[in-house]
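Hydrogens, waters and symmetry mates play no part in the numbers below; they use all other heavy atoms, side chains included.
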Amino acid sequence: MKRLLALGAGTLAALVLFPLLLAASPASASTLSDCLARQHVCVTGEGRSLVSAGQQSELERQIGGDGIYLVVAPSGSAGYRSSMNQIISTLDGHAQFTVGFLDSKQQHFGAYNKGMLPSGGAANIATRVVEQHQADQNVFAALTDFVSDVKGEAGSGSGAAANAP
């Protein structure tokens, strides 16, 4: 948890792709794809110790039908970047989306967006919520704030404007 909350802004901004997820085996990839096709919040394995089923439901309600996704799971043997790439690849068919990924194994949170926010916007929001919750180490509050901030910034039209030619 301390690594999650101590993550610096420079690290998040430099990664562009952010951490977490299921093992990189074909079965796990299929499971993740299936989960993200059905719901916006996917919590697996060790992630259940960080986000309860009730909290997962609350996050789903908060997201509603918006293109915001959260994954809370251990990264696979290939590491965080590979896991995040898998998540992004799964969601890439959407014209717009934002995904936050919390690696329950490495306690690392990062984010990526396509079309909803200016480039790097999701990473900036992830960095901000990690910093805001560094003292209380409240993972659920950080995820809730992440969703609220993405909705607020995407609703302002800044993402569409920033991505227009």
Side-chain angles (χ1 to χ4, degrees), residues 1-22 32 35-36 39-75 79-81 83-85 87-88 91 94 96-163:
M1 186 64 182
K2 289 178 184 165
R3 279 183 64 192
L4 162 74
L5 297 174
L7 188 61
T11 303
L12 275 176
L15 284 175
V16 179
L17 304 177
F18 309 90
L20 167 57
L21 185 73
L22 308 172
L32 176 64
C35 180
L36 291 171
Q39 55 199 58
H40 289 255
V41 182
C42 296
V43 181
T44 66
E46 300 165 8
R48 291 270 174 231
S49 67
L50 299 172
V51 177
S52 70
Q55 290 171 329
Q56 181 177 349
S57 294
E58 277 188 58
L59 289 164
E60 284 283 352
R61 281 190 296 278
Q62 181 187 10
I63 292 168
D66 293 335
I68 301 169
Y69 298 85
L70 296 171
V71 178
V72 181
S75 59
Y80 178 87
R81 281 183 183 228
S83 295
M84 185 55 134
N85 284 335
I87 295 168
I88 292 167
L91 295 170
H94 299 277
Q96 295 184 5
F97 69 89
T98 296
V99 62
F101 174 62
L102 173 57
D103 181 344
S104 60
K105 182 166 61 174
Q106 296 181 12
Q107 299 296 299
H108 179 83
F109 181 66
Y112 174 85
N113 63 276
K114 174 184 169 186
M116 286 182 73
L117 303 165
S119 179
N124 293 336
I125 293 170
T127 299
R128 189 169 57 239
V129 301
V130 165
E131 290 170 351
Q132 288 170 347
H133 292 281
Q134 192 165 12
D136 65 24
Q137 297 189 6
N138 187 330
V139 171
F140 177 65
L143 294 175
T144 299
D145 288 351
F146 176 79
V147 172
S148 293
D149 290 358
V150 168
K151 288 182 116 181
E153 290 187 27
S156 70
S158 60
N163 292 308

Min side-chain heavy-atom separation [X]-[Y] under 4.5 Å:
| X | Y | value |
| --- | --- | --- |
| F109 | V139 | no |
| V99 | M84 | yes |
| L117 | I125 | yes |

Backbone of [Y] reached by a side-chain donor or acceptor of [X] within 3.5 Å:
| X | Y | answer |
| --- | --- | --- |
| K105 | E46 | no |
| D145 | V129 | no |
| Q56 | V41 | yes |
| D136 | N138 | yes |
| Q39 | E60 | no |
| N113 | M116 | no |

Next item on the list: For the pair Y69 and H94, name the ring-plane relationship: parallel under 30°, tilted 30 to 60°, perpendicular over 60°.
Entry: tilted

Hits for side-chain hydrogen bond (donor to acceptor under 3.5 Å, both in side chains) against S57, two or more places apart or cross-chain, chain-then-number order -> none

Closest approach of [X] and [Y], non-hydrogen atoms and distance?
| X | Y | answer |
| --- | --- | --- |
| S104 | G47 | OG-N, 3.5 Å |
| H133 | A142 | CD2-CA, 3.5 Å |
| K151 | I63 | NZ-O, 3.6 Å |
| S75 | Q106 | OG-NE2, 3.6 Å |

d(C42 SG, L59 CG) to nearest 0.5 Å is 11.5 Å

Distance col, row L143:CG vs Q62:CD, nearest 0.5 angstrom, shows 9.5 Å

The single option from I88, L36, D66, I68 that satisfies side-chain contact (heavy atoms from CB on, under 4.5 Å) with F97 is I88

Quick one, L70 with L102, criterion side chain to side chain contact (heavy atoms under 4.5 Å, CB included). Give me CA distance, side-chain angles, the key distance, then yes/no. CA-CA 8 Å; L70 296 171; L102 173 57; over 6 Å; no

